[in-house]
Every structure is written in C-alpha cells, then in structure tokens.
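So the structure is just underneath, and the comments pick up after that.
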Amino acid sequence: MDKIFIVAAKKFQDALRNRWIVASTLAFTFLSVTVVAIGSAPAGAIRATGFDVAVASLSSLSVYFIPLIALMIAHDAVVDEVERGTMLLLLTYPISRLQIFLGNFLGHNLIVGCAVLTGYSAAGLSIAILHGMNFSDLLSLAILAGSSLLLGGVFVSIGHFISMISSERAMAAGIAIGVWLVIVIIYDLALFGVLVLDQHQILSDELFQLLVVLNPADAYRSFNIAGIEGIGAVTGLAGFGDNINAHHLIFLMILLGWIAIFAIMGFWRLVRYEL
Amino acid sequence: MLMRPSHSICGNQFYPGVSFADVSKRYGTRDVLRNISIDIVPGETLAVLGPNGAGKTTMFKLILGLTRPSSGNVRFADDDPASGHFVQMRRHIGFLPENISFHDMMTGREALKFFASIKAVSADECEGLLNLVRLQDAADYRIRTYSKGMRQRLGFAQALLGAPKLLLLDEPTTGLDPALRQSYYSILGRLRQSGVTIILSSHSLHELQDHADRYTILDKGRIVALGKFDELQHIANLPTIVRITAPAASVEKIPGLLSKLNGQIQIRARSSDFVEFRCSNAERANLIRILTSRNLPIENIEIEPPNLNQIYIHFTRERDSRDLTSGDREGGSAHHG
C-alpha cells in the first residue's frame, strides 16, 4: 500500500512542476470566479436564484475544463515514462504493476482534485460574497465538486488507457485531444443532428435519452442539472431534467462505470506490456 | 560448465545465482536469443560481450522478468523472474540500464530517495551512495543539468541501493572519463570481494580484462564463446607479437636463427634496429629460448599477447564465416566453461 502512495506522491510532485497543469488550474479558477460574477447579473423574468445560476454556470464550465485538465495530466502517464526510459527502471524495482497503476491513478486524481478544490473554493467564496451562502447551498456546491471529481476520474482513467495504447507521446496527445472533442463537444452536436434529421422515426425518446446519458460529460451535466430546482428554466433543458430527476444514482453509476472500464483496460494493457 | 547450485545460504546470507537453460527469445520473426544455456554461480562476475543487437540487453531483461523467454527457462535463486511473486525478489537485484534516464525535473538526491523508498532503503544509505559515486556536491541540482557521466554515476548509485546480491550492469562505463572509470572498477572490485554476483556488459572490451571471472561472447543471439580469459585465449589460439630491439648486426642474424622453427614464426615488421614476429603461444617459449642461447646483444624483448579485443573479434568473425559456410549450425565449438 505504501508503494502506491510513494508513486502517487511522485506523480503529484511531477504535476506541480508542470507549468501547463498549473496554468490550466489557474485558468479554471479565474473562469470559475468569472462565470459566478457574470451569472449574477440581473436574470430578468427567469425564476432562478443567483446561486442556482452560479452552480449551473460552474457545472457548464467544469464539463469542458475538468476533462481537459484530467486528460492533460493522464494522457502520457505511461508512454512518457516508457519513452524516457524511466518506466524500464521502475519495473525492475520491487513494485508490482498494479501498485504502479494505482499509484498513477491516485496521484493524477489528487491533482484533478486540487484543481477542482482551488476553482470551486474561489467560486464558492465569490458566491458567498455576492449572494450569501447557507448550509444547503454549501452542500449543493460540495455535491457539484464531488461529481466533478468523478468526471475528472473518468478522464484520468481514459487518459491512462490512451497512454497505454500509444507508441509515442505525440500520438497520445493527438488521441487525447480527439477524445475530448468527441465526448465533450461533437457527441451532443451529432446526436442532436441525428434527432433533427430522424424526426422520431428510428430514435425513440427513451433511446435518445439513453444515448445522451451514456456519454460521461452528459451524465455529469444531467446529474447536476437534475439536482437543482428551477434550473431547467436557466438551461433550457427543463423537460429533459424533469424526466431524469429521479435517476441520480444511474448518472453516478455511469460515471463510475466509465472509470472502471477504462481502468481495467488500462491495467490489463500495463500487465501485458513487454519492454 | 561450472556446476554449482544456483543459490546457497550461508548463515543469514543469501547468495543467489542465475541460470539460463536452453533459452530462446523471439520478437516477431526476429530471433534475439537462441538456445542460451549458462549458469552464473553465486559470487561470480560474468562479462557479456557482443556487438550491438547480439542479445545482451535481452539477457538482462529476462533475468529481471521484464520479458518472458519464448522457450527455455531462466531462473534467479531458483525462482522464475516472469512469475507474479518475483516482484519481492527484485529487492536483491540492482540494475543499471544502458542509457539510464531519470525525471529531469528531480534533483539527484530526490531521484535516489524515490527509488530508495520503493526498495525500503533508508535515506542515510542514499547519502553514502551519493558520496561513493562522488555526486554529493551535485545532489541538489536538477538532473537535467547533469552530464552523461553524472547521470551514469547516479544510475550506478541507484543500482547499489539496498546492497543487492545480484548486480546487472548494462554498458556501465559509458560516458565516464578515465579517472571515473578507474574509481568505478575499484568499487566493482570491492563488490566482487564481498560476494555479489555481477553480470556486466560492455563495448570497452579491453577494459573488462581482469574485471570478470568468466567472459561470454554473444553474437546474433548465440553464445559463441564462454570461459575464463586464459581459456578463451587458448581456444582462439591467436598469435602473440614479439618485438626484439637489438643492434643492426644482431637484427640481421635473427631471421636465420628462427628459420629452424619451420616457418611457424612470421616476420611482421623489420628495420635496422628491430624485428617484429608473429608466433603462436606455443612457439613463443621456443623463440625466446633460441634467441637467448646464442648470446646475441639484445636490447629489449616486448611480448604482446592477444587481448580481449582481439579474442572478441576472432570469435565474432569466426561466427560470420561459419554462418556463410554452414548456415545455421549451433555455434558450440568454442563453448567452454
């Protein structure tokens, strides 16, 4: 167990020395505060509180940023060490591949956790100053942060798998960018495109909803939107949110499922890896 | 072949050996190692020689369990390195890979402490090792500022963490200047005396002379020679060079005197004040006996026996020519142990 922590601590230390990761965390923090401030502007006739708007804005920001940070950290976890030759040396030490894998996973999730904590703390502070904050608000923010950690975990897991199937760092970076684009941006656009063209002929409502929430970014979005009363009015997803309001657990299971599937596949590749 | 147990226990001391039994390794369609059989007994130092791509590094990887043999068995202390539980045995092994690399952003001390923590070795030992490899003054600089030689020394320090019983050193002196090489070999000498089993490979062949108990020459994945230095010398039967410096009158007489040796001694070079011969090891004594019996005014006799470099070239060339004539025959004629 202690070896897992040794590797995790080293990964954490490596990330702190990576200027890109530090810069993206700072950018995420800055944008979190910004969306909270902008979201507090008078909202016209919409019956949403300033806090709800702020949380919705934060979750929208997170759905783009957290996968990006997680992939940036994790996409070259193994391929980078293999290319440098440091993995060869590590594998000759009394440490199992499972310990290396879990250490990497834990270390990278800790970094994502730090990014989330930094961004959300700053955002929470801004909300408290602008709107005030009671205990239930704090709890909502904590739940949003917790689900963001899960979203980060999904992309750390995918990143590790990418790092195991790539023969070089450049390839891993390319795949990571592609995965981010597809899951976070293109998937929804494509699905809506199909929906418009299909005119309900093949895609039933149920199948469409299933396809939406199978995407981890949408599962995360749905989890957070469904949790906020009146938020449907803000996001324009009111009907959708009503239908899936009872399915929090399913959204969480979907996120955990993504983590588990890619973690298992990544570990399987690492075990079979011959240097 | 030396037949001793692959590991022995004396009191609390654990001395593991390494054995390869008919080991072949294939990557795709490429045979990297072919039918390797060798026992490295506890406390022995084996030098593995061979051109690039001969399979030296693959031998190390098999001992470490980083890759599995395609056929045959590799054992370290009677254990299979490719098995899952072998992980714990690795605390007895120190490995210095060829072209060692570390995380550039770490300092030398941080990197050594990281590996020490995985081997559950105390931080005090790290300081001792940094002193041993003379990196104490540079220990707090980032590794990216290190020269090749400094990285190599840090690599050597990490290989020595936890007082390993088996040291695997792949091209260990790359990038070291002559003074550092000398201090490196003196450390190695002390380790040999303390009973550590050492397997080292090198391209600097003449350097390894006197630094190993046995030598094996690999070529195209096969062992083409294996034995102690004088055994290899004997099998190769390479000529010794004898250079005699003498006054001009004596130099003129020497070829005539040596004609009695039935042409087994060839003149290699000659001038007014010296003559140089090439002769077999067996003829060397006769040559000197004849020269000294005639009371010629000889100023100097220099004898240059074949060195490891020449022996190495002999065996790898022999293999090339045999490949051309007899195809894929097992290269065992020079096999000796």
Side-chain angles (χ1 to χ4, degrees), chain A residues 1-23 73 76-104 106-108 111 163 167-169 267-275, chain B residues 25 27-28 57-58 60-70 81-107 110-121 142-144 151 154-155 158-159 161-162 164 166-168 170:
Chain A
M1 195 67 190
D2 53 341
K3 286 176 187 168
I4 297 174
F5 290 123
I6 292 166
V7 174
K10 182 174 174 302
K11 283 288 163 187
F12 189 77
Q13 209 176 13
D14 287 350
L16 288 184
R17 285 170 173 163
N18 185 330
R19 286 180 204 141
W20 284 105
I21 292 166
V22 174
I73 294 164
D76 62 356
V78 174
V79 70
D80 177 51
E81 296 224 27
V82 169
E83 242 179 50
R84 288 170 193 261
T86 49
M87 182 56 86
L88 173 81
L89 195 57
L90 187 59
L91 286 176
T92 66
Y93 272 75
I95 182 168
S96 69
R97 295 188 184 204
L98 180 64
Q99 286 169 322
I100 294 175
F101 180 82
L102 291 176
N104 283 345
L106 181 66
H108 286 162
I111 303 156
S163 82
S167 53
E168 51 189 87
R169 283 172 76 187
F267 176 60
W268 183 73
R269 290 281 303 192
L270 185 65
V271 167
R272 291 177 57 86
Y273 199 79
E274 277 203 20
L275 286 159
Chain B
K25 177 67 190 175
Y27 286 110
T57 302
T58 306
F60 289 128
K61 286 183 178 175
L62 285 165
I63 299 169
L64 289 159
L66 295 176
T67 186
R68 293 165 191 274
S70 305
S83 67
H85 61 268
F86 190 78
V87 168
Q88 290 313 316
M89 287 296 274
R90 291 202 187 120
R91 69 178 192 275
H92 299 299
I93 306 178
F95 175 50
L96 172 61
E98 191 184 358
N99 302 322
I100 182 129
S101 72
F102 297 96
H103 286 269
D104 283 357
M105 296 300 279
M106 290 176 117
T107 67
E110 282 172 347
L112 198 59
K113 282 189 173 169
F114 168 70
F115 285 114
S117 59
I118 290 179
K119 251 186 176 174
V121 168
R142 294 221 167 147
I143 295 172
R144 68 173 173 190
R151 284 165 202 250
L154 185 60
Q158 70 74 33
L161 279 169
L166 172 66
L167 253 187
L168 304 173
D170 200 357

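Below, chains carry the letters A, B, ... as their sequence lines are ordered, and counting in each starts from 1. Since this is a predicted model, take the numbers as computed values, not measurements.
Here B:Ser101 is the residue among B:Ala159, B:Ser101, B:Pro97 with the most heavy-atom pairs under 4.5 Å with chain A. By number of non-hydrogen pairs under 4.5 angstrom with chain B, the leading residue of A:Val271, A:Val7, A:Ile95, A:Leu89 is A:Leu89. Of all the listed residues (B:His103, B:Lys61, B:Lys119), the one sharing the greatest number of non-hydrogen pairs under 4.5 Å with chain A is B:His103. Looking only at heavy-atom pairs under 4.5 Å with chain A, the residue among B:Phe86, B:Phe114, B:Phe95 that has the most is B:Phe114. Contact tally against chain A (heavy-atom pairs below 4.5 Å) for B:Thr67, B:Ile100, B:Leu64, B:Ile118: the top residue is B:Ile118. Between chain A and the options B:Arg68, B:Arg91, B:Gln88, heavy-atom pairs under 4.5 Å are most frequent for B:Arg91.
The aromatic rings of A:Phe267 and A:Phe101 lie tilted to each other, with the angle between the two planes from 30° to 60°.
Residue A:Asp14 touches chain B through its side chain alone, counting heavy-atom pairs closer than 4.5 Å. At a 4.5 Å heavy-atom cutoff, the contact between B:Leu161 and chain A is made by side-chain atoms alone.
Remark: side-chain polar atoms of A:Arg269 are not paired, donor with acceptor, to backbone N or O of A:Ser163 under 3.5 angstrom. Without hydrogens or angle criteria, A:Lys11 side chain to A:Ile111 main chain gives no donor-acceptor distance under 3.5 Å.
Using a 4.5 Å heavy-atom cutoff, the side chains of B:Arg151 and B:Asp104 are in contact. A 4.5 Å side-chain heavy-atom check between B:Phe102 and B:Gln158 finds at least one atom pair inside the cut-off.
Minimum heavy-atom separation, B:Arg142 to A:Arg17: NH2-NE, 4.1 Å.
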